[in-house]
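In what follows, a single structure is set out as structure tokens and then discussed.
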Amino acid sequence: MSRHRIAHLSDTHLTGSGFDEDGVDAASALDRMLHDLRLVPDVDLVVVSGDIADDGSVAGCAGVLERVGRFAAERGVPQVYCTGNHDARGPFGEVFGSGHLGADGRDQGEPIRDAGDERAAVSVVGGLRVITLDSLVPGEVLGRISEAQLAWLRSVLAEPAPDGSIVVLHHPPVALDWFPQMAAINLQNAADLARAIQGRDVRAVLCGHYHLQLSATLAGVPVWVTPGIVTRLDLTAGPAQVRAVTGAGAGLVELTPDGHSFHALHARDPRAGTEVYAFAAGPE
Ligand SMILES: [Fe+2]
Ligand SMILES: [Fe+2]
């Protein structure tokens, strides 16, 4: 079994202009994070776990592909993308295809069949099986995995891969109890995902969506929620307060023959921590 080091990005929220709907310079945040990741050695896969385009647009997706694709090409490593609640399946597919691209940008994923326009897919990277799920529910912030994807996931996991599997999806199947806004917008059928991965070769579940780092388990499998690129959610504001600040972050996911580690990197940004929005959350 080989070692795998994954640069895990999420929530780039790009648009054609580069600015998200809150006025944050999302393109610069991504550029800054990728620039600061350049000195991390031996990255062998880049993952972007959804909310790629803030407005679901082709232009937003293309801006991310241009930047992350350049990073992947310079290192000769594959790049994997999945949808988030801000994305739209049509434009996502137009730009990313299955979402599993080689270092040269060529599509090397095997997409789910018979699931409408849902964008789940699988590929194998140096013995590690990479599975993307599509938890997008159009018009909703929360997420759900369809029965078609769950059945497909069970069939993919029926046979183990040489170095095991990782599952990438936008909506975390975990939440912090004391911050109820999370459970209202996370993966609503986490128990179904737990049953599908339990006792299989899944070594990590990689998510985004919360714009903060969080490590937990699901059915005994490590779950990593990676920091957001565009903003960081600041939970020091208290359980009823939703506060976001600037400051791009990314995760480093390390899989070794002995286990795993998750690490959060923060981009060098002299203006990190500037408040973007803050409001009192209403009753759910
Ligand atoms: Fe997001
Ligand atoms: Fe999201």
Side-chain angles (χ1 to χ4, degrees), residues 8-15 18-30 32-33 47-57 59-61 63-64 67-68 80-89 91-92 96 99 118-120 132-145 167-176 179-190 193 205-214 216 223-235 242-251 264 266-267 272 275-279 281 284:
H8 179 195
L9 283 58
S10 198
D11 295 86
T12 48
H13 286 266
L14 244 72
T15 61
F19 288 82
D20 79 349
E21 64 179 2
D22 300 307
V24 177
D25 188 346
S28 293
L30 178 56
R32 196 180 285 277
M33 192 71 249
V47 166
V48 187
S49 54
D51 279 1
I52 290 168
D54 194 56
D55 54 1
S57 65
C61 289
V64 173
R67 291 168 168 84
V68 177
V80 168
Y81 304 83
C82 77
T83 55
N85 52 293
H86 277 258
D87 295 305
R89 288 178 175 131
F92 177 94
F96 298 112
E118 293 177 11
R119 299 284 171 190
T132 49
L133 298 175
D134 179 353
S135 54
L136 160 64
V137 179
E140 302 279 359
V141 179
L142 53 73
R144 191 172 288 113
I145 300 293
V167 173
V168 180
L169 78 163
H170 183 64
H171 293 85
V174 295
L176 285 173
F179 197 79
Q181 289 79 17
M182 281 183 173
I185 60 161
N186 71 355
L187 188 73
Q188 301 295 293
N189 59 340
L193 179 62
V205 175
L206 306 184
C207 310
H209 190 48
Y210 287 161
H211 295 215
L212 53 75
Q213 67 229 32
L214 176 63
V223 176
W224 172 245
V225 183
T226 204
I229 292 290
V230 70
T231 51
R232 176 173 71 80
L233 223 61
D234 170 24
L235 299 194
V242 179
R243 179 174 190 264
V245 299
T246 55
H266 299 283
E275 186 169 288
V276 175
Y277 58 80
F279 58 88
E284 297 297 344

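Just follow the structure's listing: the first ligand is 1, and inside any ligand the first atom is 1.
- The distance between the ring centers of H13 and H211 falls below 6.0 angstrom.
- A donor-acceptor pair under 3.5 Å links the side-chain atoms of R89 to the main chain of L136, judged by distance alone.
- Every residue two or more places apart in sequence or in another chain was checked for a salt bridge (Lys or Arg N to Asp or Glu O under 4.0 Å) with D51, and none qualifies.
- In this structure, Y277 and F279 have parallel ring planes: the angle between them is below the 30° cut-off, well short of the 60° mark.
- Taking each heavy atom of A272 and G247 in turn, the nearest pair found is CB-CA, 3.9 Å.
- No option in T12, L14, L9 other than L14 meets the side-chain contact (heavy atoms from CB on, under 4.5 Å) test with R67.
- Within H13, the N, O or S atom lying nearest to the Fe ion (ligand 1) carries the name NE2.
- Protein atoms that are N, O or S and lie under 2.8 Å from the Fe ion (ligand 2) are these: D51 OD2, N85 OD1, H170 NE2, H209 ND1.
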